[in-house]
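Working notes, beginning with the structure itself.
Nothing fancy with the numbering, it's 1 onward along the sequence. Values below: every heavy atom of this structure, side chains too, minus hydrogens, waters and symmetry copies.
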Amino acid sequence: MGRSAVLLSALCLLVTFATSEGQTAAPAGCGAGLWSMYYNLCDLNAAWGIVLESIAGAGIISSFILLIILVASIPFVQDSRKKSLIGTQVFFLIATLGLFGIVFDFIVKPYFSTCASRRFLFGVLFGICFSCLWAHAISLNFLVRKNSGPRGWWIFAIAVGLAMVEVIINTEWLTITISRTPFGDPCNILNMDFVMALIYVMFLILATFLTTWPIFDGKYKHWKKHGIFILLTSIMSIAIWIVWIVMYVYGNMQRGSQLWDDPTLAIALVSNAWTFLFFYIIPEISQITKPGLQQAFEEDMYPTRGVGYETILKEQQKTQNMFVENKAFSMDEPAAAKKPISPYSGYNGQMRSSVYQPTEMALMNKGPGETPYDVIIPRATANTQVNSNNSTIRAEDAYAAQDGRKSQVQSYPNARW
């Protein structure tokens, strides 16, 4: 009887303690029946949790919308080389969506399942993102030099292979660490050990940064804008990682409190995930449906290519108009005005009568009551009248008269040259 009474009293005390904790320990903003593990999601006194979950929730919605837009734009992509990279970019966007998701693991209080998932997924998701960026940078190095790169499934396979290395590293590290910690608790992992497990991710960030620079030496400049997107993303990521590692390993320990460890990691996740969206995903989606500039380069080298039927008609009409305008002036000018020619150069033994054909300019300058043959554009004439019909002397005769050959012209008074 004594033992049963002691057990019953102990059980009552436990129930009373749990009930009183759930009723009295609930902070402002949280319900009375909420598990204490989720207090940071609604505690008004700890505003960092509410702010981060709001930002992370907006990131999840934005990533999902961008994912739909990216997949829906596949039929509208005109450049096959851009279309081949969509698979890698979708993989990248799914990992970014996962980064926003695990922020909630760092907001809630440590628990076995949350600690295990945050320790494992932190490195794996970042490994996927930076593997995709590095694979894209490798493809751009080929595109800026040859205007053609590896096939899309090759780039996707490279990204998956690089990410699988981090999966293997994190699986082995987490298994060994849990087996060596007291009671197998993944929450009892030192900050330094957590950072050391992310060395491979740091290598991916550095490799992406270094691989991006040779892109700007290529001759096909229209691919360089994609290199700028990756370069800015890698630079911002390096800055974020330096800040959070310094705070997580050194800053929080100097303050003598580990209460800011989880907020530090959550802020790093949110900041880097939004960096991926703003500096890489959104610019890439804005450029993915634009046609490639290869056709523009070919038109510069070969202007006759890629011209439509309407353009040809316009060019022909323009050429004809210019020809008619130039012809109006060329008909009134002598064929060889700069060089005197003998009047007998075109003589074949037969007399030809000159027929005057007025030009368009002459008809336009015709005055009232004048015949078309009375108004003529001034031309070089001789001082002597050749015949009684008042016909105009040709330019050749004018040059002949100036050279002292008047006798030759007067010997044929009835001829018109």
Could you walk me through whether Asn272 and Trp241 pass the side chain to side chain donor-acceptor pair (under 3.5 Å) test, one step at a time?
CA-CA 8 Å; Asn272 216 156; Trp241 275 63; 2.9 Å; yes
Does [atom1] in [X] sit with more than 12 non-hydrogen atoms of other residues, nucleotides or ligands closer than 6.0 Å?
{"X": "Phe64", "atom1": "CZ", "value": "no"}
{"X": "Tyr200", "atom1": "OH", "value": "yes"}
{"X": "Met37", "atom1": "CE", "value": "yes"}

Would you please name every residue forming a side chain to side chain donor-acceptor pair (under 3.5 Å) with Asp105, sequence neighbours left out?
Ser117
Compare all side-chain heavy atoms of [X] with those of [Y] and state whether any distance is below 4.5 angstrom.
{"X": "Ile86", "Y": "Val71", "value": "no"}
{"X": "Ile60", "Y": "Phe104", "value": "yes"}
{"X": "His136", "Y": "Gln89", "value": "yes"}

Ile288 vs Leu70, test: side chain to side chain contact (heavy atoms under 4.5 Å, CB included). Steps then yes/no.
CA-CA 9 Å; Ile288 197 170; Leu70 183 61; 3.9 Å; yes
Taking [X] for its side chain and [Y] for its backbone only, find out whether a donor-acceptor pair lies under 3.5 Å.
{"X": "Asn40", "Y": "Ile107", "answer": "yes"}
{"X": "Asn191", "Y": "Tyr248", "answer": "yes"}
{"X": "Ser139", "Y": "Ala135", "answer": "no"}

Applying the ring-ring contact (aromatic ring centres under 6.0 Å, His included) test to Phe130, which of Phe276, Phe203, Tyr280 qualifies?
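The ring-ring contact (aromatic ring centres under 6.0 Å, His included) with Phe130 is passed solely by Phe276 among Phe276, Phe203, Tyr280.
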The test is side chain to side chain contact (heavy atoms under 4.5 Å, CB included); show your working for Tyr220 and Leu143 and say whether it passes.
CA-CA 7 Å; Tyr220 294 96; Leu143 290 172; over 6 Å; no
No-hydrogen, no-angle side-chain donor-acceptor test under 3.5 Å, His226 and Gln287:
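Checked: His226/Gln287 side chains show no N/O donor-acceptor pair below 3.5 Å.
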Would you sort out whether Ile267 and Trp244 count as a side chain to side chain contact (heavy atoms under 4.5 Å, CB included), showing the intermediate values?
CA-CA 8 Å; Ile267 292 173; Trp244 81 257; over 6 Å; no
Please determine whether side chain to side chain donor-acceptor pair (under 3.5 Å) holds for the pair Trp223 and Asn147, giving the CA-CA distance in whole Å, both sets of side-chain angles, and the decisive distance to 0.1 Å.
CA-CA 8 Å; Trp223 293 108; Asn147 206 23; 2.9 Å; yes
Quick note, salt bridge (charged side-chain N to carboxylate O under 4.0 Å, His left out) partners involving residues 108-136, not counting sequence neighbours, are Arg118-Asp262
Tell me, please, which residues at least two apart from Thr171 pass side chain to side chain contact (heavy atoms under 4.5 Å, CB included).
Phe120, Val167, Thr175
For Phe100 and Leu277: C-alpha separation, side-chain torsions, deciding distance, then whether side chain to side chain contact (heavy atoms under 4.5 Å, CB included) applies.
CA-CA 11 Å; Phe100 285 114; Leu277 293 185; 3.8 Å; yes
Are Phe229 and Phe279 an aromatic pair, judged by ring center distance below 6.0 Å?
no
